[in-house]
Colleague: 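The structure's right below; bear with me while I get my questions together.
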Amino acid sequence: MNRNLPVNPDRIAEDIDALAGITEPGHPWTRRAFSPLFLEGRAYIEARMQAAGLETRIDAAGNLIGKRRGAIEGLGAIMLGSHSDTVPDGGRFDGIAGVVAALEVARALSDRGIELDHDLEIVDFLAEEVSIFGVSCIGSRGMTAQLPEAWLSRATDGRDLAEAIAGVGGRPGVLLQQNRPDIAGFLELHIEQGPVLENERKDVGIVTAIAGITRIEIIVEGRADHAGTTPMDSRSDALVAAAQLVLDIRNAAAARAKTPGHFAATVGEFRIEPNAANVVPSKVVLLIDGRAEVRNDMEAFCEWLDEHVIKLAIAYGVSIKSPMRISDNYPTPSDAGLLKRLERACETVGAKYRRMASGAGHDMAWIAKVAPAAMIFVPCKEGRSHCADELADNDDISLGAAVLFEAVMDMDKSLKQENA
């Protein structure tokens with residue numbers, strides 16, 4: 001990289017490599033939330049925060065925060081961060097790149113003797129990935145009073161979530177009352193987890209929205225019969241109808257994905273009864289994971305699905321219950337003002353960028369519900385993520401960190417003027 005960047009790529013690489021070394025033997029790169037290795041990784045990050053002159057603390061939700069005080073009290077905090085926990089067997093850069101890039105912004109400011117008017121907070125959010133308790137984004141929800149109280153009693157391996165949060169330094173007794181009205185703005189860097197930036201040779205993706213996630217259960221019921229003696233034209237085969245439905249869902253989603261706005265739908269769970277080689281399947285339960293940047297797209301897809309299963313049931317001589325929405329989260333748009341600042345920052349450092357939506361969930365989605373928030377993507381090789389082959393080039397991460405640096409400088413100046 002020949003650009004004269006305000007950040008130090010060598011420090012970024014050093015931290016990412018050090019965290020990669022803290023992993024379960026034979027399972028790169030595994031450092032799951034609440035595990036001893038997670039705490040070891042946290043200890044490394046905290047030490048690096050302190051070496052950069054940041055004041056560190058663990059908040060009530062178990063988030064690790066490094067604070068750089070601003071010159072003027074009461075302006076609020078500009079917040080940067082992501083997460084350091086991983087999925088099993090994958091995650092050398094997922095989340096980690098965002099935490100390290102955020103930390104590097106703080107170090108780069110100190111290198112140049114720059115004092116911000118706002119406080120700057122670098123955050124390692126607790127358990128962004130789905131944890132052993134079956135829930136995700138625990139830290140970002142908990143920081144902003146969006147953690148369901150019932151979650152605290154979710155238990156596994158002899159302890160509940162409340163105990164686990166306490167075990168990482170949080171305070172579950174006051175967690176539900178915690179809120180952060182002082183967040184002036186939040187930015188998150190993350191690897192794309194998709195191939196768009198690499199394919200289009202773009203340096204940075206400016207994330208317009210986190211797609212809403214809708215999960216839909218469909219039950220197809222036929223009739224169990226002997227697989228060897230029942231004539232082919234006398235069957236009520238639930239699996240045949242369900243297989244056709246899976247193909248139809250894929251084709252409908254592919255068509256909708258060609259319209260403006262990110263859209264995807266996947267049948268990721270599929271259960272057959274009685275699941276025996278010599279019995280005509282009597283029942284299939286399938287679960288659709290649908291993701292939409294534009295809410296109307298999801299509503300239109302659901303309407304199509306409701307009508308389509310009726311036609312399919314008649315055509316295949318089966319019964320299909322009305323699709324049931326198991327969960328339904330709306331899209332979370334990024335703050336328009338921060339998107340413009342990120343574009344200016346890209347232009348300042350010479351980064352080629354495009355606007356794009358995120359099909360995956362991130363901590364930014366929860367911070368965005370209470371404060372201005374946005375995020376950027378940097379490329380990852382072949383779009384691979386959540387696997388041991390996940391790889392991002394350090395030059396790309398460093399350029400993304402430089403974009404954050406310039407955006408923070410812009411935010412510090414302009415937010416002060418807007419609040420004057």
Side-chain angles (χ1 to χ4, degrees), residues 7-24 27-49 51-52 54 56 62-66 79-107 121-131 136-140 168 186-194 358 360-364 375-381 383-404:
V7 298
N8 185 328
D10 292 337
R11 285 191 301 223
I12 292 173
E14 179 185 358
D15 287 341
I16 291 176
D17 288 345
L19 287 166
I22 305 172
T23 182
E24 291 183 15
H27 295 280
W29 316 91
T30 302
R31 197 171 52 256
R32 300 201 70 190
F34 306 112
S35 70
L37 284 171
F38 171 73
L39 293 176
E40 187 179 339
R42 269 268 174 105
Y44 174 85
I45 296 169
E46 183 173 22
R48 296 293 275 176
M49 285 179 170
L54 304 181
T56 60
N63 300 303
L64 171 61
I65 301 172
M79 186 177 286
L80 309 175
S82 194
H83 62 97
S84 68
D85 66 310
T86 76
V87 298
D89 299 306
R92 185 178 177 188
F93 299 91
D94 176 357
I96 286 85
V99 174
V100 172
L103 174 56
E104 180 56 26
V105 170
R107 292 187 293 218
E121 291 192 354
I122 310 305
V123 184
D124 172 20
F125 290 104
L126 177 65
E128 189 268 358
E129 304 290 4
V130 176
S131 66
S136 60
C137 293
I138 291 170
S140 49
V168 302
F186 172 76
L187 296 176
E188 179 175 5
L189 177 147
H190 206 280
I191 60 170
E192 181 194 348
Q193 300 178 284
S358 172
H362 297 284
D363 288 309
M364 170 261 169
M375 69 186 301
I376 62 171
F377 285 155
V378 295
C380 62
K381 185 175 178 165
R384 302 291 306 283
S385 183
H386 281 195
C387 63
D389 295 328
E390 181 180 277
L391 182 63
D393 190 280
N394 194 63
D395 285 348
D396 291 333
I397 298 170
S398 300
L399 185 57
V403 171
L404 291 185

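We number each residue from 1, following the sequence as shown.
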Colleague: Rounded to the nearest 0.5 Å, what's the gap from CD on E188 to CD1 on I376? Could you check?
Modeller: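 The CD atom of E188 sits 10.0 Å away from the CD1 atom of I376.
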Colleague: Between E128 and H83 (side chain of the first, backbone of the second, donor and acceptor by atom type, cut-off under 3.5 Å), is there such a pair?
Modeller: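 Such a contact is absent between E128 side chain and H83 backbone.
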Colleague: So L404 and M375, side chain to side chain contact (heavy atoms under 4.5 Å, CB included) or not? Walk me through it.
Modeller: CA-CA 9 Å; L404 291 185; M375 69 186 301; over 6 Å; no
Colleague: Determine, step by step, whether L54 and L103 satisfy the side chain to side chain contact (heavy atoms under 4.5 Å, CB included) criterion, reporting the C-alpha distance in whole Å, the side-chain angles of both residues, the deciding distance to 0.1 Å, and the verdict.
Modeller: CA-CA 9 Å; L54 304 181; L103 174 56; 4.0 Å; yes
Colleague: Whether the side chain of T23 engages the backbone of H27 through a donor-acceptor N/O pair (distance < 3.5 Å, no angle test) should be reported.
Modeller: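 The answer is yes, because a donor-acceptor pair under 3.5 Å joins these two groups.
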Colleague: Any heavy-atom pair between the side chains of H362 and F377 that's under 4.5 Å?
Modeller: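 The answer is yes; the side chains approach within 4.5 Å.
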Colleague: Can you measure from CD (E129) to OG (S84) and round to the nearest 0.5 angstrom?
Modeller: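 E129 CD to S84 OG: 10.5 Å, rounded to 0.5 Å.
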Colleague: Not counting sequence neighbours, list each pair that qualifies as a side chain to side chain donor-acceptor pair (under 3.5 Å) and has a residue in residues 28-42.
Modeller: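 Listed once each, the pairs are R42-D124.
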Colleague: Check side-chain contact (heavy atoms from CB on, under 4.5 Å) between R11 and all other residues, then give those that pass, not counting sequence neighbours.
Modeller: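 Result, side-chain contact (heavy atoms from CB on, under 4.5 Å) vs R11: N8, E104, R107, D111.
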Colleague: Starting at CG of D89, measure out to NE2 of H386 and round the result to the nearest 0.5 Å.
Modeller: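 NE2 of H386 is found 12.0 Å from CG of D89.
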Colleague: How long is the span from the CG atom in L187 to the CG atom in L80, to the nearest 0.5 Å?
Modeller: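 Between L187 CG and L80 CG, I get 6.0 Å after rounding to 0.5 Å.
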Colleague: Is the side chain of N63 donor-acceptor paired with the backbone N or O of V123 at a distance under 3.5 Å, no angle test?
Modeller: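 Flag not set: sc N63 to bb V123 has no pair under 3.5 Å.
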Colleague: Show your reasoning for whether side chain to side chain contact (heavy atoms under 4.5 Å, CB included) applies to F38 and V168.
Modeller: CA-CA 9 Å; F38 171 73; V168 302; 4.3 Å; yes
Colleague: Return yes if some donor-acceptor pair links the side-chain N/O of E390 with the main-chain N/O of D94 below 3.5 Å, else return no.
Modeller: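 Yes; judged by distance alone, with no hydrogens or angles, the pair exists.
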Colleague: Could you give the distance from CD1 (I96) to CD1 (I16), rounded to the nearest 0.5 Å?
Modeller: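 I96 atom CD1 to I16 atom CD1 measures 8.5 Å (nearest 0.5 Å).
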Colleague: Sequence neighbours left out, what passes side-chain contact (heavy atoms from CB on, under 4.5 Å) with C380? Give chain and number order.
Modeller: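 Residues passing side-chain contact (heavy atoms from CB on, under 4.5 Å) with C380: I191.
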Colleague: Among I45, L126, V99, whose side-chain contact (heavy atoms from CB on, under 4.5 Å) with L64 holds?
Modeller: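 Result for side-chain contact (heavy atoms from CB on, under 4.5 Å) with L64: I45.
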Colleague: Report the C-alpha distance between D85 and F34 in whole Å, list the side-chain angles of each, state the deciding distance to 0.1 Å, and finish with yes or no for side chain to side chain contact (heavy atoms under 4.5 Å, CB included).
Modeller: CA-CA 9 Å; D85 66 310; F34 306 112; over 6 Å; no
Colleague: Strictly below 4.0 Å, N to O, side chains only: are D389 and R92 in salt-bridge contact?
Modeller: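 Looking at R92 together with D389, the answer is no, because their closest N to O distance does not fall below 4.0 Å.
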